[in-house]
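First up is the structure itself, then whatever we jot down about it.
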Amino acid sequence: MEWKVLCVGLTFVLFAYFIYTPMPENIEEPWKVRIMDAVVKCTSFVAKLLENIGIMRYEEFFTMLMELDYSQPISDENITVTDTTFSDIPVRLYLPKRKSERKRRAVIFIHGGAFVLGSFKQLSYDFLNRQTANKLDAVVVGADYRLAPQYQFPVALDDVFAVVKHFLQDKILEKYGVDPTRICISGDSCGGLLATKVIQLMQNNPEFKDKIKAQALLYPHLQIIDTSTPSYQENKYGPILSKDLGIQLECLYLTTDKRCIEAVEANQHMPEESRHLFKFVNWSIFLPEKFKKNHVYSEPILGRYDFRNPALMDSRLSPLLVSDIELQKLPLTYILTCQYDILRDDGLMYVTRLRNVGVQVTHDHIENGFHGALAYMGSMVHLRIGIRLKDKYISWLDENL
Ligand SMILES: *[C@@H]1O[C@H](CO)[C@@H](O)[C@H](O)[C@H]1NC(C)=O
Ligand SMILES: *[C@@H]1O[C@H](CO)[C@@H](O)[C@H](O)[C@H]1NC(C)=O
């Protein structure tokens, strides 16, 4: 009994502590965001505690909580929703019910979650994909992929590639009445990374070239080689996604070596032989002036940790690490970035690099947005900012796909 009281007391104290984290002034509904931020920080704290005393692994505690938010495939008056598999990978299909004279547009959506968490089953993704299908009268595929730490780099990408490849078969497109010239791949956060890389791979492969009409990347994660960009520095403590949380999770996709976290947090994780890659993510060149503020670019510190992991130099983990030639032929692009997001500059740099080589990019920057805002559209936690982001994304698709 006393033990329980102590636990409840401790949680309360932690929560009270975290809830006083400063919030940027222009954040809408600041108290709701503060509460959600405190929930995430408490979860991370408790998860570390449980791992240290050997009860469960860090990510297992997160997964346990997130699964409470998973939905069943429930059809409604407009959309038939079913869970199935494409090449053995679970997907959720949204098929409009009404009759259509024409073939339909299609969107494949890849969820985020730092390669460790999440599913298309989360209520907010189900809501997003259902609304996309409804508003666009489109076929939507929500794709899962195997998660870390059980499945490490590059399994997530291989799975997503397999799903896309399966869907693009003529007989499958025919079966679902999809117009093969109007297909988009979308994703948020790490899902944005996976979408980005799959499209790069397809565009540079004669078998799949020009099969994707558009890409929509929502606060995408696009590189891990520099973790001291201005956005990492400004948003180190969140809201919602802190640098610590992002790196704790992402390292699980790379390695079982715990030194990874320390090395990446210090931004000293890259080996000596990676020097030539930094020109692809040089924020002092690719960021618009207003985001550089008074940050000063410093050259990378290399070879300090002798932490060798080939994935760190691989564009399948950091899709920004490709040459301009490989970017030239990419399709019509939508990129959404949020001001309060450690990953903001990844997206901003991709906007610049794509525009530099003539790719058509629509860029929405949300001045009071924060990473993960799309997760707050469900019935339990409802934030206006989440709905706004969703509406921007869907209306871009409607006008451009
Ligand atoms: C079904 O579509 C109609 C017409 O677009 C819309 O008014 C209605 O809200 C939709 N139903 C659901 C459950 O989304
Ligand atoms: C980054 O760009 C700056 C110019 O803004 C340049 O001085 C520096 O050498 C570049 N560093 C790398 C690693 O590309």
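Every number for a ligand or one of its atoms is a count from 1 in the order of the listing. Worth knowing before you read on, the calculation uses all heavy atoms, side chains too, and leaves out hydrogens, waters and symmetry mates.
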Exercise for the section: Mind checking whether R275 contacts ligand 2 via backbone (N, CA, C, O), side chain (CB onward), both or neither, at a 4.0 Å heavy-atom cut-off? Expected result: neither

Problem - Atom indices of ligand 2, in the order listed, that fall short of 4.0 Å to a heavy atom of E299 - result: 8 (C), 9 (O), 10 (C), 11 (N), 12 (C), 13 (C)

Exercise for the section: Could you check which of R98, K135, R130 puts a non-hydrogen atom nearest to atom 5 (O) of ligand 1? Expected result: R98

Practice task
Among all protein heavy atoms, pick the one closest to atom 13 (C) of ligand 1 and tell me residue, atom and distance.
Solution key: E77 OE2, 3.6 Å

Problem - Selected option - heavy-atom contact closest to atom 3 (C) of ligand 1, from I79, N78, N134, D137 - result: N78

Problem - Aromatic plane relationship, F86 with F167 - under 30° parallel, 30 to 60° tilted, over 60° perpendicular - result: parallel

Exercise for the section: For I285, counting its heavy atoms only, list the atoms of ligand 2 lying under 4.0 Å from any of them. Expected result: 2 (O), 5 (O)

Practice task
Taking only heavy atoms of K279 into account, list the atoms of ligand 2 that are under 4.0 Å away from them.
Solution key: 14 (O)

Problem - L317 side chain near L254 side chain, heavy-atom distance below 4.5 Å - result: yes

Practice task
Check ligand 2 against F278 and write out every atom of the ligand that is under 4.0 Å from a heavy-atom position of the residue.
Solution key: 13 (C)

Practice task
Number the atoms of ligand 2 from 1 as they appear, then name those within less than 4.0 Å of a heavy atom of S284, with their elements.
Solution key: 1 (C), 2 (O), 3 (C), 4 (C), 5 (O)

Problem - Geometric class of the F109/Y125 ring pair [parallel <30°, tilted 30-60°, perpendicular >60°] - result: tilted

Practice task
Name the orientation class of the two ring planes belonging to H111 and Y145 (parallel below 30°, tilted from 30 to 60°, perpendicular beyond 60°).
Solution key: parallel

Practice task
Would you please say whether a donor-acceptor pair under 3.5 Å links the side chains of D126 and Y94?
Solution key: yes

Practice task
Find out whether L321 and P319 are in side-chain contact, i.e. whether some heavy atom of one side chain is under 4.5 Å from a heavy atom of the other.
Solution key: no

Practice task
Taking atom 1 (C) of ligand 1 as the reference point, report whether a protein heavy atom occurs under 4.0 Å from it.
Solution key: yes

Handout entry: Protein heavy-atom partner closest to atom 10 (C) of ligand 2 - residue, atom, separation in Å
Key = N282 ND2, 2.5 Å

Practice task
Given salt bridge (charged side-chain N to carboxylate O under 4.0 Å, His left out), test E67 with K121 step by step and report yes or no.
Solution key: CA-CA 9 Å; E67 283 176 359; K121 298 192 181 95; over 6 Å; no

Problem - Heavy-atom pair of closest approach, residues P239 and M23 - result: CB-CE, 3.9 Å

